[in-house]
Every structure is written in structure tokens, then in C-alpha cells.
Amino acid sequence: MSTAMTTIDNAIRSALMPTGVLRASINLGNPILANWDADNKQARGVSVDLANELARRLGAELQPVVFDAAGKSVAAVTGEEADVGFFAVDPLRGEGLLFTAPYILIEGAYLVRDGSAMRANEEVDAEGVRIMVGKGSAYDLFLSRELRHATIVRANTSPTVVDEFIAQDVEVAAGVRQQLAADAARLPGLRLLPGRFMVIQQAMGLPRSRGVEAANFLSDFVEEMKATGFVADAMARHGIEGAQVAPAR
């Protein structure tokens, strides 16, 4: 166990949780990270387990701040309505946040109708093609930068992307491979394009105003959670498949 994890400076503790409790922003829009447990009326998942462990290390009460979309979760931490969060690393988000190295790598995939002529990811960026994404999601940010010909259409949240894709008769849906695969199993006449169009680096983040020392502490925490098997165990416990623990920093 690293020194940073055994002795926590009071200044770091105050920077991480100025209100005296650890407010963790939890995004339900990514099923690999968190889901809503209706029976217990609380969020559960890998990100929740990490937040609980961080709070335990800090000797603090955890106060989850739960959102249905990544953009809202990012805004909460950037605006200091929450102290830490779990996000896909993106340069635009980095303007207001300090990120750790990633703890999980997730594949981004495309979904089309069975009758679509598209057979490969490279065929998606074409004139007349509309791609449905979750507003403010990692896919939205990435595709907004990378697409040259296709048009982006935005659903309010990532979990509603496929339903909106169908309702608005859009050509392609983009998102977490596991979410799209579940929707394809739920709804007839849909298929995923093979492979992936991006790899999403899921990391922890905190407001830039909290300082480099607090960010370094959080980075050390994430590295330990990967090295000790905590992240892998949490993924197994929550039945997460198709993602992988990120390599050491």
C-alpha cells in the first residue's frame, strides 16, 4: 500500500471534501459503471464501489449525487456540486476537471437496422447518415470532433439512444457496446457493426480548483484499486463483461 494511501494529509482531505462529506457524482447513463437498484432505491456498480472505498479511506460519509446522463454528471463536478466523479477522459471535459489515469477501458460501437447496407464502421461517416448519441456523452464529444460527413442527432440520455434512433428513424446509433447489444436483444431487426470505433478511457475526476495534490492523491488511489484487483473484483461482482481493467499508469 502506498504512503499516500496510509497517511492522508488534512489539506488533501479538505480539498477532496470541503463540506465534510464526500459527494460522488454517479452517472447511470453508462451501465458498465452504475445502475439503479430499484429494490434498495440506490445506485450500484463499479463506480459506486470505488466511491464507497474512497470515502472509507477518507473516514468520511459518502453522499452519492446520481444523474441519468454523463453531461449532467460532469457539470455537477465542474460546478463543484460534487467532489469527485467517474467520467470518460475527454479534452473538452479536461478544461474544468483534473483526471486520473483510466481504471476501465470500454468499447464504443455502432448499431444499425438489419436492412442497412452498412457493414463496417468506416462506412458510417457519409453524407446523409444521421447518428444518434447521448447528449454530452463521450461518444457525442468524440464524434463531434471526428466526423466529417455524417450528422449527429442527440438523445437526452445514453440509455434512450436506441429508442430515439427507432422513433426518429435515424440511420445509426452509437454508444457503449454492452448497452447497444442489450437493446438489440430487446428489439427485433437490429445488429451491431463489427469491431469498435473508439476505446473509452473511464477515469475519476475532480474540479481543477481542488489542486494538484488532491488530484495526485486520487490518481494514487485509482492505481492502487487497479493493482490490488479491487476494480476487477467489482466488475466480476456486478457481472460486467466486454470491458477490461485499464493497464497501470
Side-chain angles (χ1 to χ4, degrees), residues 4-5 8 11-19 21-34 43 45-55 57-58 60 62-106 108 134-142 144-145 157-158 176 198-226 230-231 234-235 243 245-249:
M5 293 292 99
I8 303 174
I12 292 176
R13 184 180 278 106
S14 296
L16 284 170
M17 45 177 206
T19 65
V21 299
L22 182 66
R23 300 170 300 171
S25 182
I26 304 296
N27 170 30
L28 299 180
N30 187 335
I32 288 179
L33 301 184
V46 177
S47 60
V48 179
D49 290 355
L50 284 168
N52 273 307
E53 179 61 16
L54 179 60
R57 298 289 183 92
L58 293 169
L62 176 66
Q63 181 180 317
V65 188
V66 181
F67 298 96
D68 62 358
K72 298 175 185 177
S73 183
V74 170
V77 179
T78 303
E80 303 206 40
E81 296 172 8
D83 304 309
V84 297
F86 302 84
F87 316 114
V89 177
D90 184 89
L92 186 60
R93 292 173 177 174
E95 293 176 2
L97 301 173
L98 293 172
F99 288 108
T100 68
Y103 60 92
I104 285 179
L105 303 179
I106 302 173
K135 182 179 179 181
S137 67
Y139 317 98
D140 183 2
L141 299 176
F142 176 83
S144 293
R145 288 193 301 271
T157 67
S158 291
V176 178
M198 70 179 296
V199 174
I200 299 161
Q201 299 182 345
Q202 289 290 341
M204 291 188 71
L206 75 168
R208 279 192 170 273
S209 61
R210 302 299 173 83
V212 174
E213 288 189 1
N216 288 341
F217 173 87
L218 195 61
S219 292
D220 287 345
F221 169 76
V222 167
E223 292 308 307
E224 184 181 334
M225 294 300 95
K226 291 187 293 187
F230 185 98
V231 175
M235 291 172 66
V245 178
R249 181 178 53 191

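If you're wondering where the values come from, they're calculated on a predicted model, not measured in any experiment.
Atoms CG and CD1, on N27 and I32 in that order, are 11.5 Å from each other to the nearest 0.5 Å. To the nearest 0.5 angstrom, L28 atom CG is 11.5 Å from S158 atom OG. From M198, atom CE reaches atom CG of L141 across 8.5 Å, with rounding to the nearest 0.5 Å. Here E213 contributes atom CD and L218 contributes atom CG; the two are 14.0 Å apart, rounded to the nearest 0.5 Å. Interatomic distance, CG of N30 versus CD1 of I200, reported as 7.0 Å (0.5 Å rounding).
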Evaluate Q201 against L105 for side-chain contact (heavy atoms from CB on, under 4.5 Å), listing each step before the verdict. CA-CA 5 Å; Q201 299 182 345; L105 303 179; 3.9 Å; yes

*For M17 and L62, what are the C-alpha separation, side-chain angles and deciding distance, and is it a side-chain contact (heavy atoms from CB on, under 4.5 Å)?*
CA-CA 10 Å; M17 45 177 206; L62 176 66; over 6 Å; no

### Query
Should T100 and F221 be marked as a side-chain contact (heavy atoms from CB on, under 4.5 Å) after you check the CA-CA gap, both sets of side-chain angles, and the distance that decides it?
CA-CA 9 Å; T100 68; F221 169 76; over 6 Å; no

Q: May I have the step-by-step check of side-chain contact (heavy atoms from CB on, under 4.5 Å) for Y103 and V46, ending in yes or no?
A: CA-CA 10 Å; Y103 60 92; V46 177; 4.3 Å; yes

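Between R210 and E80 there is a salt bridge, since a side-chain N of the basic residue sits under 4.0 Å from a carboxylate O of the acidic one.
Closest of all the heavy-atom pairs between D83 and L16 is CB-O, 3.0 Å. Summarising the geometry of L33 relative to I104, their closest heavy-atom pair is CD2-CD1, 4.5 Å, with the distance given to 0.1 Å. Heavy-atom minimum distance, G96 versus T78: CA-CG2, 4.2 Å. Closest heavy-atom contact between G136 and A70: O-CB, 4.2 Å. The shortest non-hydrogen separation linking A34 to S47 is CB-OG, 3.6 Å. Between F99 and A203 the shortest heavy-atom distance is CD2-CB, 4.4 Å.
Atom NZ of K226 is surrounded by more than 12 heavy atoms from other residues, nucleotides or ligands within 6.0 Å.
Side-chain contact check for M225 versus M204: every heavy-atom pair is 4.5 Å or farther apart. Contact check for L54 versus L50: no side-chain heavy atoms found under the 4.5 Å cut-off.
For the pair S25 (side chain) and S73 (backbone), a donor-acceptor distance under 3.5 Å is present.
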